[in-house]
Asker: 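There's a structure below that I have some questions on.
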There are 2 protein chains.
Amino acid sequence: MMVRRQTEVPAGAHLRIGEVAKLTGLTTRTLRYWEELGLLNPSGRRQSGERLYAPSDMARVGRIRDLQELLGFSLAEVRVVLDTEDVDVLDRVRSEYPVVDDYRRVRLVDDAIEANDRLLARLDTTLERIQAFRDERAVKGRRLREVRRTLGDT
Amino acid sequence: MMVRRQTEVPAGAHLRIGEVAKLTGLTTRTLRYWEELGLLNPSGRRQSGERLYAPSDMARVGRIRDLQELLGFSLAEVRVVLDTEDVDVLDRVRSEYPVVDDYRRVRLVDDAIEANDRLLARLDTTLERIQAFRDERAVKGRRLREVRRTLGDT
DNA sequence: ACCAATGTTGACGTTGACGTAAGGGATCGT
DNA sequence: ACGATCCCTTACGTCAACGTCAACATTGGT
């Protein structure tokens with residue numbers, strides 16, 4: 001019987017980069033590139049150097065795509081947003097090791113709140129603009145069908 | 001009294017490229033580049049070659065930006081959308097010179113309708129996705145303020 | 001009538017976000 | 001045990017969307 005040496009790999013981190021690629025529709029190059037930019041650090045590695053991705057990494061991929069495609073953020077901007085997001089993690093840490101450096105934490109949380117509010121504001125204006133654009137197009141659609149009617153049936 | 005020689009310039013097309021740049025926040029380079037791609041043809045020129053933009057050109061600039069920034073379209077994709085948009089112009093032409101080549105027109109209008117519907121569908125799914133993302137962020141905001149409260153006032 | 005500001009057409013440079021190929025190990029199913 | 005498959009790093013290539021610079025012509029206010 002063989003020994004299952006999974007040296008130093010966090011629990012649940014078992015997806016190889018190729019599998020992640022298939023699941024997400026990205027390429028392996030893209031995943032490595034994102035890592036290079038500090039956007040996505042696979043939560044595990046093997047002694048051989050092979051990357052191992054956990055479900056939480058997959059979720060992060062989703063958020064990156066959202067920010068990039070939906071909001072048109074550059075990867076640098078995405079990085080900023082995601083960095084403030086990690087305050088949550090720090091939060092959980094705090095509940096386990098209560099009150100260590102509260103002053104620093106307050107600043108972190110305040111920053112996170114501000115960043116989040118800015119993002120929310122941007123999301124709202126974006127939503128309004130797209131909505132307006134959508135309405136324009138809906139009107140245009142009706143106008144087109146109107147025109148089409150006046151042309152009779154081919 | 002001076003003669004106002006505005007050789008062959010459509011009425012209302014009097015904005016120079018620099019003025020358009022200031023008004024829109026774009027650069028002159030960008031305006032020329034868009035023209036190079038066939039996205040934005042200034043509706044007038046002077047005998048000297050100087051570009052002259054009409055209000056309708058300005059409106060077009062707005063639509064290009066919308067498609068590019070709000071929807072994340074490439075300029076090539078923007079071109080396609082705007083091309084189908086010009087069916088409207090053809091429509092006005094028709095009302096002046098009634099019924100010339102109706103068969104061709106029917107096809108044009110049908111294509112425009114289909115393209116418009118596709119765009120509408122995309123707009124709707126985009127709206128939904130952003131809305132979902134927004135809601136997530138709103139929740140996160142409330143959670144952050146919750147955490148902030150437990151930390152007391154600095 | 002001048003000249004600073006603005007315009008024109010090339011043409012080459014830059015940046016972000018990857019694609020692609022090379023050279024060499026690691027893994028996995030049979 | 002071994003070949004096909006997957007993964008690693010390094011490095012150069014690519015493409016869209018402009019930026020920038022050069023060399024020269026026009027415009028417009030004083």
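Reminder, nothing fancy here: chain letters follow the sequence lines and each chain counts from 1. Only this structure's heavy atoms are used, side chains among them; waters, hydrogens and symmetry mates stay out.
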Asker: Does B:V80 share a hydrophobic cluster with B:W34, counting links as ILVMFWY side-chain heavy atoms below 4.5 Å and allowing steps through other members?
Answerer: no
Asker: Whether the side chain of A:D57 engages the backbone of A:S43 through a donor-acceptor N/O pair (distance < 3.5 Å, no angle test) should be reported.
Answerer: yes
Asker: Would you call A:R16 and A:E50 a salt bridge, taking side-chain N to carboxylate O under 4.0 Å as the test?
Answerer: yes
Asker: Would you kindly give the CZ-to-P distance between A:R46 and D:dC6, to the nearest whole Å?
Answerer: 14 Å
Asker: Using atom CG of A:L26 as one end and atom C1' of C:dC18 as the other, report the distance to the nearest whole Å.
Answerer: 11 Å
Asker: Going by an N to O cut-off under 4.0 Å, is there a salt bridge joining A:E146 and A:R143?
Answerer: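 Looking at A:E146 and A:R143, the cut-off is not met.
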Asker: Separation of A:Y33 atom OH from C:dG16 atom P, in whole Å?
Answerer: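 Spelled out: OH on A:Y33 to P on C:dG16 is 7 Å.
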Asker: Atom CD of A:E35 and atom P of D:dC7: how far apart are they, to the nearest Å?
Answerer: 14 Å
Asker: Between protein and nucleic acid, restricted to nucleotides 19-26 of chain D and to nitrogen or oxygen atoms under 3.5 Å apart, what atom pairs and distances do you find?
Answerer:
{"residue": "D:dG19", "atom": "OP2", "partner": "B:T27", "partner atom": "OG1", "Å": "2.7"}
{"residue": "D:dG19", "atom": "N7", "partner": "B:R29", "partner atom": "NE", "Å": "3.1"}
{"residue": "D:dG19", "atom": "O6", "partner": "B:R29", "partner atom": "NH2", "Å": "2.9"}
{"residue": "D:dT20", "atom": "O4", "partner": "B:R29", "partner atom": "NE", "Å": "3.2"}

Asker: With respect to the phosphate group of D:dC18, does any side-chain polar atom (N or O) of B:W34 fall under 4.0 Å of OP1 or OP2?
Answerer: yes
Asker: Using a strict heavy-atom distance below 4.0 Å, which residues from residues 68-75 of chain A are in contact with DNA chain C?
Answerer: A:Q68, A:S74, A:L75
Asker: Search all heavy atoms of B:N116 against all heavy atoms of A:K140 and return the closest pair with its distance.
Answerer: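 Of all heavy-atom pairs spanning B:N116 and A:K140, the closest is OD1-CD, 3.6 Å.
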Asker: Does a side-chain N-to-carboxylate-O contact under 4.0 Å join B:E35 and B:R45?
Answerer: yes
Asker: What is the distance from CZ of B:R32 to P of C:dC12, rounded to the nearest Å?
Answerer: 18 Å
Asker: In whole Å, what is the span from the CD atom of B:E36 to the C1' atom of D:dA16?
Answerer: 12 Å
Asker: What's the CG-C1' distance between A:L52 and D:dC8, to the nearest Å?
Answerer: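 After rounding, the reported distance stands at 13 Å.
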Asker: With a 3.5 Å distance limit and no angle check, can you tell me whether A:T126 reaches the backbone of A:R122 through a side-chain donor-acceptor pair?
Answerer: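 Here the side-chain-to-backbone pair exists.
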Asker: Rounding to a whole Å, what distance do you find between B:E19:CD and C:dA5:P?
Answerer: 16 Å
Asker: Any sub-3.5 Å donor-acceptor pair from A:T24's side-chain atoms to A:V20's backbone N or O?
Answerer: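 Yes; at least one donor-acceptor contact below 3.5 Å.
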Asker: Given the rule in the salt bridge (Lys or Arg N to Asp or Glu O under 4.0 Å) test, do A:R145 and B:D110 qualify, once you have shown the distances and angles that lead to the verdict?
Answerer: CA-CA 9 Å; A:R145 290 179 206 282; B:D110 281 348; over 6 Å; no
